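This report refers to the structure that appears directly beneath it.
Nothing here was measured: the structure is a model prediction, and the numbers come from that model. Throughout, residue positions are numbered sequentially from 1 according to the sequence presented.
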Amino acid sequence: MSTVRILLATAIVVASCASCADRTGAATPSNSAKPSESIAASPTQAVPPYLASYTAEERAAYSDALAAEDAFDTSNARFLAKGKTLKAASDFYHRYSIDWVQDWTNLAELANNHVTVTGKASVVWVRPSQIDLATKSGLGVVVLRRCVDSSKVAVTQNGHPLAQPHLDKRHVVRVRMEKRTGEAWWRSGIAERGAAC
């Protein structure tokens, strides 16, 4: 059962951003725009303070990576809710995950233990931790920091609820996004849960 708890912690962090496109609600950090506002900013729009030190190209990459992470989380949540190792999940992780083996293993462990993760989490705020479009390896890298409210995420095993008291508080979740050479899309890394927010 300890393996299941460790995997649950990983799955919860990953699932906790499901439906992250819903970013209404609580306040954002001071001097900042709400995450739902345009972050690439057209010439007539003001650039949010948290993006002011980045170039227009970096802000556009951040916006694209953020949208890609939202899409990844939404699709991944569907696989976790089904609790099955489907070919569609394997194909999805191969294409959109930085470490498809880890994502596939997490899903397989949950499925083998009859665990499902459902419900809707929301993002309270989101900020860039790193935007680097000129890495030595040729990768584009964007690291996102999100304050996530996972209180509406539910975990069941064999149809019975599993208590998840750590989901009651908002936490910062960091995720690394990569755009590889020759690829036009962003790949998502394993989300890491951090301090309360």
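Between the side chain of S150 and the backbone N or O of V153, no donor-acceptor pair lies under 3.5 Å. In terms of modelled atom types and a separation under 3.5 Å, the side chain of W185 and the main chain of R95 share a donor-acceptor contact. Side chain of E58 to backbone of T55: a donor-acceptor contact under 3.5 angstrom is found.
Sequence neighbours left out, not one pair with a member in residues 70-111 passes disulfide bond (SG atoms under 2.5 Å apart). Listed by first then second residue, pairs satisfying salt bridge (Lys or Arg N to Asp or Glu O under 4.0 Å) with a partner in residues 75-86 number zero, not counting sequence neighbours. Listed by first then second residue, pairs satisfying disulfide bond (SG atoms under 2.5 Å apart) with a partner in residues 76-111 number zero, not counting sequence neighbours. Residue pairs meeting the disulfide bond (SG atoms under 2.5 Å apart) criterion with at least one partner in residues 78-108, sequence neighbours excluded, are absent.
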| task | Might you work through the side-chain contact (heavy atoms from CB on, under 4.5 Å) test for H160 and T156, ending with a clear yes or no? | result | CA-CA 5 Å; H160 302 289; T156 60; 6.0 Å; no
| V155 and T116: CA distance, side-chain angles, deciding distance, side-chain contact (heavy atoms from CB on, under 4.5 Å) verdict | CA-CA 6 Å; V155 181; T116 58; over 6 Å; no
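Residues forming a side-chain contact (heavy atoms from CB on, under 4.5 Å) with H114 (at least two apart in sequence, or on another chain): N158.
In this structure, E183 places its CD atom where more than 12 heavy-atom neighbours from other residues, nucleotides or ligands lie under 6.0 Å away.
Look at D91 and K87 and you find a salt bridge, because one of the NZ, NE, NH1 or NH2 atoms lies within 4.0 Å of a carboxylate O, short of that distance. Contact check on D70 versus R146 returns a salt bridge, with a Lys/Arg side-chain nitrogen under 4.0 Å from an Asp/Glu carboxylate oxygen. Using a 4.0 Å cut-off between charged nitrogen and carboxylate oxygen, E178 and R176 count as a salt-bridge pair.
Between the side chains of R187 and S97, not a single donor N or O lies within less than 3.5 Å of an accepting N or O.
Here the side chains of L144 and R174 are not in contact, with every heavy-atom distance at 4.5 Å or above. The shortest distance between side-chain heavy atoms of Y50 and P128 falls below 4.5 Å.
Atom CG of residue L167 and atom CZ of residue R193 lie 6.5 Å apart, to the nearest 0.5 angstrom.
Cluster partners of V141 are L139, V143, counting Ile, Leu, Val, Met, Phe, Trp and Tyr whose side-chain heavy atoms approach within less than 4.5 Å, directly or via other members.
Taking the six-membered ring where the residue is Trp, F72 and Y93 present tilted rings, their angle falling between 30° and 60°.
A centroid separation of less than 6.0 Å is found between the aromatic rings of F92 and F79.
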